[in-house]
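Predicted model only: the values in this text are computed from it and were never measured. We name chains A, B, ... by the order of the sequence lines, and we start the count at 1 in each one.
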Amino acid sequence: MRKITKMAQILSEQEQIRRDSLKELISLGVNPYPADTFDVDVTTKEILENYPEKNTYPQVNIAGRIMSRRIMGAASFVELQDATGRIQLYFKRDDICPDDDKTMYNVVFKRLLDFGDIIGVKGFVFVTQMGETTIHVTEFKLLSKSLKPLPVVKEKDDKVYDAFTDPDQRYRQRYVDLIVNPHVKDAFLKRTKMVNSIREYLNIKGYLEVETPVLQPLYGGAAARPFKTHHNALDITLYLRIANELYLKRLIVGGYDGVYEFSKDFRNEGMDRFHNPEFTQIELYVAYKDYEWMMNLVEEMIEKAAIDIHGTTLLKVGENEIDFKRPWKRYTMFGAIEHFTGIDISAMNEQELVEVAQKLSVKIDPSMGKGKLIDEIFGEKCEPNLIQPTFITDYPVEMSPLAKKHRTKEGLVERFEAICNGKELCNAFSELNDPIDQRKRFEDQLELGKRGDEESMILDEDFLRSLEYGMPPTAGLGIGIDRLAMIMTNSNSIQDVLFFPQMRPEKVQEMPTSADFVAIGVPEIWAEHLMKAGFTNPEDFKNAKSTQIHQTLNGYRKKNKLDIPALLLEDVEGWIKKT
RNA sequence: GAUUCAGUAGCUCAGUAGGUAGAGCAACGGCCUUUUAAGCCGUGGGUCCUGGGUUCGAGUCCCAGCUGGAUCACCA
């Protein structure tokens, strides 16, 4: 891992050179960070798409980052990257500097600009002898000097060399990742397109996008462990929401026909390539509907999202081709288990289920009840095999304390999940609106909590009170937006669809400053060089032999051609004595 | 939490048997004076993740730790 150094910064050679260039630019009267706007009137994408058929671009203003430079004496080629892509620039000395003073080209452009700097240029578009659409620059302006060298990613004939791939650096410095990895930028564009598509779909249907509390005195709506925080003025514990379900249902009680929220939820659990402590779900509740109706909505909405993003329902995800075209396959949970194991468990009791689980070598433990056993068998034997989007319906009641009991099947609830690429995509049910039944289900959860289940749900009196006023029959849905984005962008990890995935904080390495060395008796003229010469700790320096310090420092002086008199051994002994 | 792999120059990586730390790109200087060039020649650049240990000698072997990845476990 790269360490951040605090206080004193030890700069690499290249960083030092860029800082020197920065000073020289200022001394030449070039402001490296100008304040005024630079009016851009075209993007690289527009030029590359429209030239020369729709527009010959006799005059353009464009800005971006220098991604490569090829200098050939009085002429140069530069690759400029803006938000939409890259285009080549052609610089010619006598066009940049029509007068005798060639400083702008020879010094500012050739020597003081770097890979990574942000510039604005004025020019006209033409095609080189090599057939590449290029901007012939007539004026340029430095807009921001880059002091840190970017990773150098080379590309030739669509092959990428030395790609910037280290996940640690990519996630910690996402800005760098976005600059040098265009496919990363594209994945996030797709994610936003997907969200926009879903929002558009729901808005057209007339459902209301709402906002509900993130800070909640009681956390509910899912089985998960929360993050806990404290509100000072009220002097109470608050939790970051694990779901927004119970608030949205209160709004249905309040009389809205359909409400939805893109909800940032927080769960204090393990992290892996499918889990980040904060993640996004969309939850939707529609009055007077049931789960059958909701299944049709999900199909239609996700199919539309796929088309809006890719122009097709068919997409490649890892090794698989996934088709979101309606209708999706539907199984009941029992049906799916029978399909994949050949065993009909629909009428089995707990003991029989244990035997089936053992026979299928599904790991179980004695605390598992009937519902949990079925869930385990399904999770082990069915879920990983469901690659194409598939609905699984009718779950055991024990697993679903907020879902309505099945209208005909004893012991089940009206619930479905969509599974895709072996993972849950969404979860939905006919919402439980019987307040007495709901209270009993909460009480059952409390029992589980007393037995040590840290994820059991908490009884929410206010939510129950709202149900007592009467909630219409309602269909509810939750979709994991990050998981869906993984599929839609063919990403293997949730970290690839979150701009800033949670990471352990970078270590800050305390570095001494030259003042720390002055404090123990080293003259200022030498103190600034000590760290670079290898003495990174004043304590170690004090304990080092004076002969060794003497030799090391004189060696350093010679190597770096310092303009300081050579040290005598007595000088060094003098410093140490002072301490 | 367990197992496992990785961490070496600004970036991507090599480093044999434990014996003076390497390459390509990037940087710097020069060539080239020009609608092309990942061009040619030269130069500089290192806390080999950190701390211990073994050894005459450690990037390399051993122990501990840090960070990340993968797999598993847990978990809607």
Side-chain angles (χ1 to χ4, degrees), chain A residues 1-3 5 10-18 20-21 68-79 88-95 102 105-106 110-111 114-116 126-132 134 136 146-157 159-172 176 180 221-225 242-243 265 267-275 277 279 281 363 375 379 383 395 399-400 417 419 423-427 453-455 478 480 483 492-493 495 501 503-507 509 511 531-537 559-560:
Chain A
M1 188 186 80
R2 299 296 179 277
K3 290 197 178 96
T5 55
I10 294 186
L11 298 175
S12 70
E13 182 194 32
Q14 294 191 37
E15 287 175 294
Q16 192 54 56
I17 287 166
R18 286 178 181 227
D20 292 344
S21 297
S68 79
R69 301 196 304 157
R70 295 187 294 279
I71 295 177
M72 301 166 288
S76 308
F77 291 93
V78 165
E79 240 187 317
Q88 180 169 269
L89 308 180
Y90 173 67
F91 283 72
K92 195 170 175 182
R93 185 182 59 204
D94 296 339
D95 290 341
K102 305 298 183 190
Y105 181 82
N106 283 342
K110 264 171 71 173
R111 195 155 56 77
D114 285 293
F115 171 45
F126 75 106
V127 177
T128 65
Q129 288 176 355
M130 301 299 288
E132 186 164 352
T134 301
H136 187 125
S146 163
L147 296 180
K148 266 194 179 307
L150 288 165
V152 183
V153 179
K154 294 182 297 294
E155 212 177 316
K156 178 73 177 174
D157 301 331
K159 274 176 106 177
V160 177
Y161 301 89
D162 297 348
F164 180 65
T165 54
D166 178 18
D168 190 34
Q169 291 193 73
R170 283 186 48 226
Y171 302 146
R172 287 186 196 279
V176 175
V180 303
R225 285 150 70 184
I242 57 173
D265 294 342
R267 297 187 183 174
N268 205 343
E269 290 164 352
M271 292 162 59
D272 58 36
R273 71 191 184 92
F274 291 104
H275 298 84
F279 64 102
Q281 282 200 97
K363 275 182 224 152
D375 194 55
E383 203 171 48
Y395 283 64
M399 310 297 300
S400 318
E417 290 190 358
I419 314 285
K423 277 275 164 188
E424 171 196 340
L425 255 197
C426 75
N427 185 17
D453 184 347
E454 286 178 320
E455 296 180 343
R483 300 263 180 95
N492 193 41
S493 163
Q495 297 172 114
M503 303 286 277
R504 212 176 277 275
E506 277 180 275
K507 279 266 164 54
Q509 192 180 23
M511 294 297 289
M531 280 179 296
K532 282 189 179 175
F535 296 102
T536 52
N537 182 336
K559 192 171 162 192
N560 291 284

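Taking a pair to require two hydrogen-bonding distances under 3.5 Å in either a Watson-Crick or a G-U wobble arrangement, B:A64 pairs with B:U50. Across all strands shown, nothing is found opposite B:U16 as a Watson-Crick or G-U wobble partner with both distances under 3.5 Å. Base-pair partner of B:G59: not found among the strands shown (Watson-Crick or G-U wobble, both distances under 3.5 Å). The partner of B:G45 cannot be assigned: no Watson-Crick or G-U wobble pair with both contacts below 3.5 Å exists in any strand. Of all nucleotides present, only B:U3 satisfies the Watson-Crick or G-U wobble test against B:A70, with each distance under 3.5 Å. Pairing for B:C31 is with B:G39, a Watson-Crick or G-U wobble pair whose two hydrogen-bonding atom distances lie under 3.5 Å. Nucleotide B:G10 is matched to B:C25 when pairs are restricted to Watson-Crick or G-U wobble geometry with both distances under 3.5 angstrom.
Applying the ring pair (Phe, Tyr, Trp, His ring centres under 6.0 Å) test to A:F91 and every residue at least two apart in sequence or in another chain returns A:F109, A:F140.
Side-chain atoms of A:E132 and base atoms of B:U35 include no donor and acceptor less than 3.5 Å apart.
Counting non-hydrogen atoms under 4.0 angstrom, A:A223 reaches the backbone sugars and phosphates but no base. In this structure, A:A224 reaches neither bases nor backbone, as no heavy-atom distance under 4.0 Å exists between it and the strands shown.
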Produce the list of close N/O pairs, under 3.5 Å, pairing protein atoms with atoms of nucleotides 68-72 of chain B; give distances to one decimal.
from, atom 1, to, atom 2, distance (Å)
B:G68, OP1, A:R504, N, 3.1
B:G68, OP2, A:R504, NE, 3.3
B:G69, OP1, A:Q495, OE1, 3.0
B:G69, OP1, A:Q495, NE2, 3.3

Grab the N/O contacts between the protein and nucleotides 22-29 of chain B below 3.5 Å, and write none if there aren't any.
from, atom 1, to, atom 2, distance (Å)
B:G24, N2, A:D162, OD2, 3.1
B:C25, O2', A:K154, NZ, 3.4
B:A26, N3, A:Q14, NE2, 2.9

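Taking atom P in both B:C11 and B:U43, the straight-line distance is 24 Å, to the nearest Å. Between the C1' atoms of B:A17 and B:C13, the separation comes to 23 Å (whole Å). Nucleotides B:U60 and B:C49 have their C1' atoms positioned 15 Å apart, rounded to a whole Å. The gap from the P atom of B:G7 to that of B:U54 amounts to 25 Å, rounded to the nearest Å. Distance check on atom C1': B:G57 versus B:G44 gives 29 Å, rounded to whole Å. B:G22 and B:A9 have their P atoms separated by 14 Å, with the value rounded to a whole Å.
Put simply, the side chain of A:P151 reaches to within 4.5 Å of the side chain of A:V176, judged on heavy atoms. Side-chain atoms of A:R111 and A:S21, non-hydrogen and from C-beta on, never get closer than 4.5 Å to each other. Contact of the A:Y395 side chain with the A:E417 side chain is registered, since non-hydrogen atoms from C-beta on lie closer than 4.5 Å.
Between A:I242 and A:R267 the shortest heavy-atom distance is O-NH2, 2.8 Å.
Heavy-atom nearest nucleotides on RNA chain B were determined for A:F126 and for A:T165, and the one closer to the 5' end corresponds to A:T165.
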